[in-house]
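Here the structure comes first, spelled out in structure tokens, and everything after it is commentary.
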Amino acid sequence: MIGFAALEDSGFLFNIYIGILLAGLIGIIIISERLKPYLSALVVLLISFITSLLAIKGISSNGLEFFIPGGSFIGDIPFRIDALSAWFMLIVNLTMITGVFYGIGYVRSYKPIKSIITLHWVLLVLFQSSMLWVCMVQNSIAFLIAWEIMSLSSLFLVLFDHTDSKVIKAGINYMVQMHLSVAFLTVAFIWVYFKTGTFDFEGMDAYFGSNANLWLFVVFFLGFGLKAGFMGLHSWLPHAHPAAPSHVSGIMSGVIVKMGIYGIFRIITFLKADYILLGDIVLTFSVLTGLFGIMNAAVHRDFKKMLAYCTIENIGIIGIGIGVGLIGLGKGQNVLIFLGFGGALLHVLNHSLFKSLLFYSAGSVYQQTHTRDMNKLGGLIKKMPQTALLFLIGALAIGGIPPFNGFISEFLIYSALLAGIHSVDIAQTTLMVVSVAGMSIIGGISVFAFTKTFGTIFLGSARTELHHEPKEVSNTMLVPQYLIVLVMLSVAFFPGYFLNVILTILNGVFHASIEIANVDYLRYTSVLQHISMYSFLFIAGIGLIYFIRRTITRNRESTYNSTWGCGYTAPTSRMQYSGKSFTKPLSKLFNFVLIEEKSYNELKSNEIFPVNRKYSSSYLDFWEHWLINPATKYLDLFINLFKFIQNGRIQAYVLYGIIFILIVFIGTVFNLLN
């Protein structure tokens, strides 16, 4: 176990944080409506500052530990901040800062009643704290309470536009699945408690040290995997993200799904056996998750739903790194631990950056156009040039294309798979080769999906006439996005700094014992630093050419003409590729997974003069269509068998009470009830 330092100033900082939280929540409730967003942003900033100090101290001092009273039942509640907790806390704070400032501009366009606005900002502040508590608390009961607060606060944030029936349906879906997550976690924690007699997380260390590791880890993985959004456990994501306001979508995709990843990492720190078997399972499941997520992202035309499926894809990529890291632990190979776990942890940061950027950019488009259907858009690059540029940067980063940060973490995970091919036995070698192929397909389809999305939304001509002319969003919404780009570039250009922090996590939490001067470590960091340097020179060269061109043409008159129409004298927007037509070949190729629901039969090859017809189609989620919906249908039918019990007759309800009393009386008389 890690040695934690119980520092007095850490408890003092924590008390200050609690004071700021309580004062902030009260202040948001009582101040005027105009000032609520700004006070919320101030509270988020102050909480981020204080808790980030705790996180930095946790990294630099090899862990912090302090306790708060929890009563006679659960005892004192330990708050432990090691390097792993600190990493996730810093990511939460960064994403919350950008989210709350973007939200100020985004919510301004809504005019709901005052109490809804108040509740929204209160919940946003509470949401941040609940995620921080999840990272800090190491007591099972307190952890479940923090987890539940996190789920409920995010639920009501999703329900901001509660007058829309689709939003209510998405909220109920999210609520049910988050409580399934709590059920799995509760079973796992109770399992540990009955075996060890303690609610402290240290009981898990004792359990895994003296019992089989496989099945308890599987239960924990199901609980945390529901929050993370692994394939089959993901179905809340494509509904909740489009329903939520875009700043909430960005925060949820950026960090709330990472709380599931944090939980998986935390359980791994206690494992003592079954590393290779668990690594094989996680790696296989993660490759399938990545493929499933990106294939669905490619075909959907609701751009927020598309980004939600893209989150599932990136959770799969993170899971691939976790799987390789587990195999590295089983084989005792530090290079696999560094590349697997290190790549996964860095991708947690990178995904939180470019995915929140993409959701914010998508939110800007939605605010100006009031539609999420990319087939109704087009040509927005002329009207929203900064939003188009920001979305393009996010798209390049999420595609793993240098010189952006997504390349850095994906390079590490690719390297982990390639290193695993040469350093493990034939079974793992085969799995690694298949995983490399899977990641390559994921990367290719990702570029394909975002080419479709960016081209359909921002390029070409408008496909439909909108109710009002779109324009660029306010600086309040743009500045947080530029801040994200700045951090993304810092990861891309200075990866060595971030890798050194990750090395601290791996050495402190996973006992990897990797020295900075280690040959394997230097080999990969050297390659990344050279790529980053050339990337910087590439961008600097583009900037210099643009500056020279701008200087030369500054005083010249510009003339604009229409693009060559390829022989068409009167081209229309209907001649452009739509999101549907762009991805039609892919959807046909994988129609066993990408289930299309359409309103008419396709044209036949011998139908020379087709009659007029209307066409509409949508894609169904494979798991919802074949598993979740049928299970829900049969469960509903089963429950309806007992609806006669609740018949609305008072006499029947009185009879139920009499029967219950008789059962208790008879049981007592015959000593059946103790």
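All of these numbers come straight from a predicted model, not from anything done at the bench. What's counted below: heavy atoms across the whole structure, side chains too, no hydrogens, waters or symmetry copies. Counting from 1, the numbers follow the sequence of the chain as shown.
With hydrogens and angles left out, the side-chain atoms of Thr387 and Gln481 include no donor and acceptor closer than 3.5 Å. If you check the side chains of Asn500 and Tyr521, you find a donor sitting under 3.5 Å from an acceptor. Side chains of Lys36 and His120: a donor-acceptor N/O pair is absent below 3.5 angstrom, by distance only. A side-chain donor from one of Ser253 and Thr311 sits under 3.5 Å from a side-chain acceptor of the other. A donor-acceptor contact closer than 3.5 angstrom links the side chains of Tyr619 and Ser587.
Between Val158 and Met252, the closest side-chain pair of non-hydrogen atoms falls below 4.5 Å. A 4.5 Å side-chain heavy-atom check between Val43 and Gln128 finds every atom pair outside the cut-off. Trp121 places a side-chain heavy atom less than 4.5 Å from the side chain of Ile104.
Under a 3.5 Å cut-off, the side chain of Lys305 and the backbone N or O of Pro242 do not form any donor-acceptor pair.
Partner of Phe359 under the side-chain contact (heavy atoms from CB on, under 4.5 Å) criterion, chosen from Ser364, Ser249, Ser246: Ser249.
The two atoms that bring Ser535 and Pro402 nearest to each other are OG-CB, 4.2 Å, heavy atoms only.
A centroid separation of 6.0 Å or more is found between the aromatic rings of Phe354 and Phe404.
Ring geometry for His234 versus Phe292: interplanar angle over 60°, hence perpendicular rather than tilted (30 to 60°). Using the six-membered ring where Trp is involved, His351 and His347 have ring planes that are parallel, under 30° apart on the 30 and 60° scheme.
Tyr366 contributes atom OH, which lies 12.0 Å from atom CG of Leu377 (distance to the nearest 0.5 angstrom).
Heavy atoms of other residues, nucleotides or ligands lying less than 6.0 angstrom from NZ of Lys304 number more than 12. The number of heavy-atom neighbours closer than 6.0 Å to NE2 of His468, taken from other residues, nucleotides and ligands shown, is above 12.
For residues 482-502, the set of pairs meeting the ring-ring contact (aromatic ring centres under 6.0 Å, His included) definition, not counting sequence neighbours, comprises Phe493-Phe536.
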